[in-house]
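One-based numbering along the sequence shown. Atoms considered below: every heavy atom in the structure, side chains included; atoms not considered: hydrogens, waters and symmetry mates.
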Amino acid sequence: MEVILTRSSDTHLSPDKATDLGLRAEMANSKRNLFISIHVNSAPNAAQGIETYYFGSTLDQSLLAQVIRENGGGELGQRLTREAQSVGERLVRDLIAQSNLKFSRQLAHYVQGALLEATGAVDRGVRQAPFYVIRNARIPAILVEVGFANHPVEGRRLQTNEYRQTLALALARGILRFLNNGE
């Protein structure tokens, strides 16, 4: 496997959030096999656990609020989310995209399962959401939230090299299971 990082630190590819997300999303093209956007979550309450997303619509208003925050927050986040939802509506009509969504959903389930198996974390599920960074992927693409930085226990765990290595190996196992058709 060859891994290509969109970034290796908590920096942006562009000071403009839409440009930054767009540059990262461009890496999800047909010259690569998979696109996985890895994030550390946060919440105003004491939430914890791992969740994995593939592109699509959501009716869950609290999830939509999270997507707007991830897409830049405020007016920008709302605009980028509307753009991503618009892409989603067009993709629903595209047979190739339907196949890609199917593979993205499968990849999400394999990765989520491997992460939970390796960490024992709370299962927040696999869901669809209009995240801007995975909106135009022409390959299977997912967004993984590996835990909550502001949770008193999970946040401390995420700070350790050992736990991050556990997450990385679990991600690799989930990817390999997907690429080997579940074996």
**Q.** Salt-bridge criterion met for Glu75 and Arg79 (N-O under 4.0 Å)
**A.** no

Q | Which atom of Ile134 lies closest to which atom of Tyr54, heavy atoms considered | A | CD1-C, 3.9 Å

Q) Would you find a donor on one side and an acceptor on the other, under 3.5 Å apart, between the side chain of Thr160 and the backbone of Arg156? A) no

Q: Kindly give the heavy-atom pair with the smallest separation between Thr166 and Ala118, and that separation in Å.
A: CG2-O, 3.8 Å

(Q) So, taking the atom named NE2 in His12 and the one named CG in Leu21, what distance separates them when rounded to the nearest 0.5 Å? (A) 9.0 Å

Q: State the CZ-OG distance between Phe178 and Ser104, to the nearest 0.5 angstrom.
A: 7.5 Å

(Q) Quick check: is Leu171 connected to Phe148 through a chain of hydrophobic side chains (ILVMFWY, heavy atoms under 4.5 Å apart)? (A) no

(Q) If I take atom CZ from residue Arg124 and atom CG from residue Leu116, how far apart are they, to the nearest 0.5 angstrom? (A) 12.0 Å

Q) Do any N or O atoms from the side chain of Arg135 and from the backbone of Tyr132 form a donor-acceptor pair under 3.5 angstrom? A) yes

Q.
Testing the basics here: between Gln112 and Asp123, what is the closest heavy-atom pair and its distance to 0.1 Å?
A. NE2-OD1, 2.9 Å

**Q.** Asp20 (side chain) donor-acceptor with Asp16 (main chain) under 3.5 angstrom
**A.** no

Q) Between Leu13 and Val133, is there a shared hydrophobic cluster once you connect ILVMFWY residues whose side-chain heavy atoms come closer than 4.5 Å? A) no

(Q) If you compare all heavy atoms of Ala129 against all heavy atoms of Val67, which two are closest, and at what distance to 0.1 Å? (A) CB-CG2, 3.7 Å

Q.
Please evaluate residues Glu162 and Arg157 with respect to the criterion side-chain contact (heavy atoms from CB on, under 4.5 Å), reporting the C-alpha separation (whole Å), side-chain torsions for both, the decisive distance (0.1 Å), and the verdict.
A. CA-CA 9 Å; Glu162 180 181 42; Arg157 237 185 285 154; over 6 Å; no

Q.
Under 4.0 Å between a side-chain nitrogen and a carboxylate oxygen: does that hold for Arg177 and Glu117?
A. yes

Q: Examine Phe35 and Leu23 and state if one hydrophobic cluster contains both, with Ile, Leu, Val, Met, Phe, Trp and Tyr joined whenever side-chain heavy atoms are less than 4.5 Å apart.
A: no

Q) How far does CG of Leu64 sit from CZ of Arg69, to the nearest 0.5 angstrom? A) 10.5 Å

Q) Step by step, would you call Leu34 with Leu107 a side-chain contact (heavy atoms from CB on, under 4.5 Å)? A) CA-CA 9 Å; Leu34 304 172; Leu107 174 61; 3.9 Å; yes

(Q) Quick check against the 3.5 Å criterion: does Arg164 have a side-chain atom that pairs as donor or acceptor with the backbone of Leu158? (A) yes

(Q) I'd like to know if the side chain of Asn71 pairs up with that of Thr81 as donor and acceptor (distance under 3.5 Å, no hydrogens or angles considered). (A) yes

Q) Does Asn41 have any side chain to side chain donor-acceptor pair (under 3.5 Å) partners at least two apart in sequence or in another chain, and if so, which? A) Glu51

Q. Of all heavy-atom pairs between Ala84 and Pro130, which one has the smallest distance, and what is that distance?
A. CB-O, 3.5 Å

Q.
How long is the straight-line distance from CD1 of Ile142 back to CZ of Phe103, given to the nearest 0.5 Å?
A. 14.5 Å

Q. Can you hop from Ile139 to Leu143 via hydrophobic side chains spaced under 4.5 Å?
A. yes

(Q) Assess the residue pair Val126 and Val111 against the criterion (side-chain contact (heavy atoms from CB on, under 4.5 Å)); give the C-alpha distance rounded to whole Å, side-chain angles, the decisive distance to 0.1 Å, and a yes or no. (A) CA-CA 10 Å; Val126 171; Val111 165; over 6 Å; no

Q | Over all atoms of both residues, closest heavy-atom pair of Val146 and Ile38 | A | CG1-CG2, 3.9 Å

Q: Any chance you could lay out the ring-ring contact (aromatic ring centres under 6.0 Å, His included) test for Phe131 and Phe55, step after step, and finish with the verdict?
A: CA-CA 7 Å; Phe131 286 107; Phe55 188 78; 9.0 Å; no

Q. Is Leu169 reachable from Ile175 through a run of hydrophobic residues whose side-chain heavy atoms are each under 4.5 Å from the next?
A. no

Q: Drop me the distance from Gln159's CD to Glu154's CD, to the nearest 0.5 angstrom.
A: 12.0 Å

Q: Taking the six-membered ring of Tyr53 (Phe, Tyr or Trp), confirm whether the NZ or CZ of Arg127 is under 6.0 Å from its centre and within 45° of its axis.
A: no

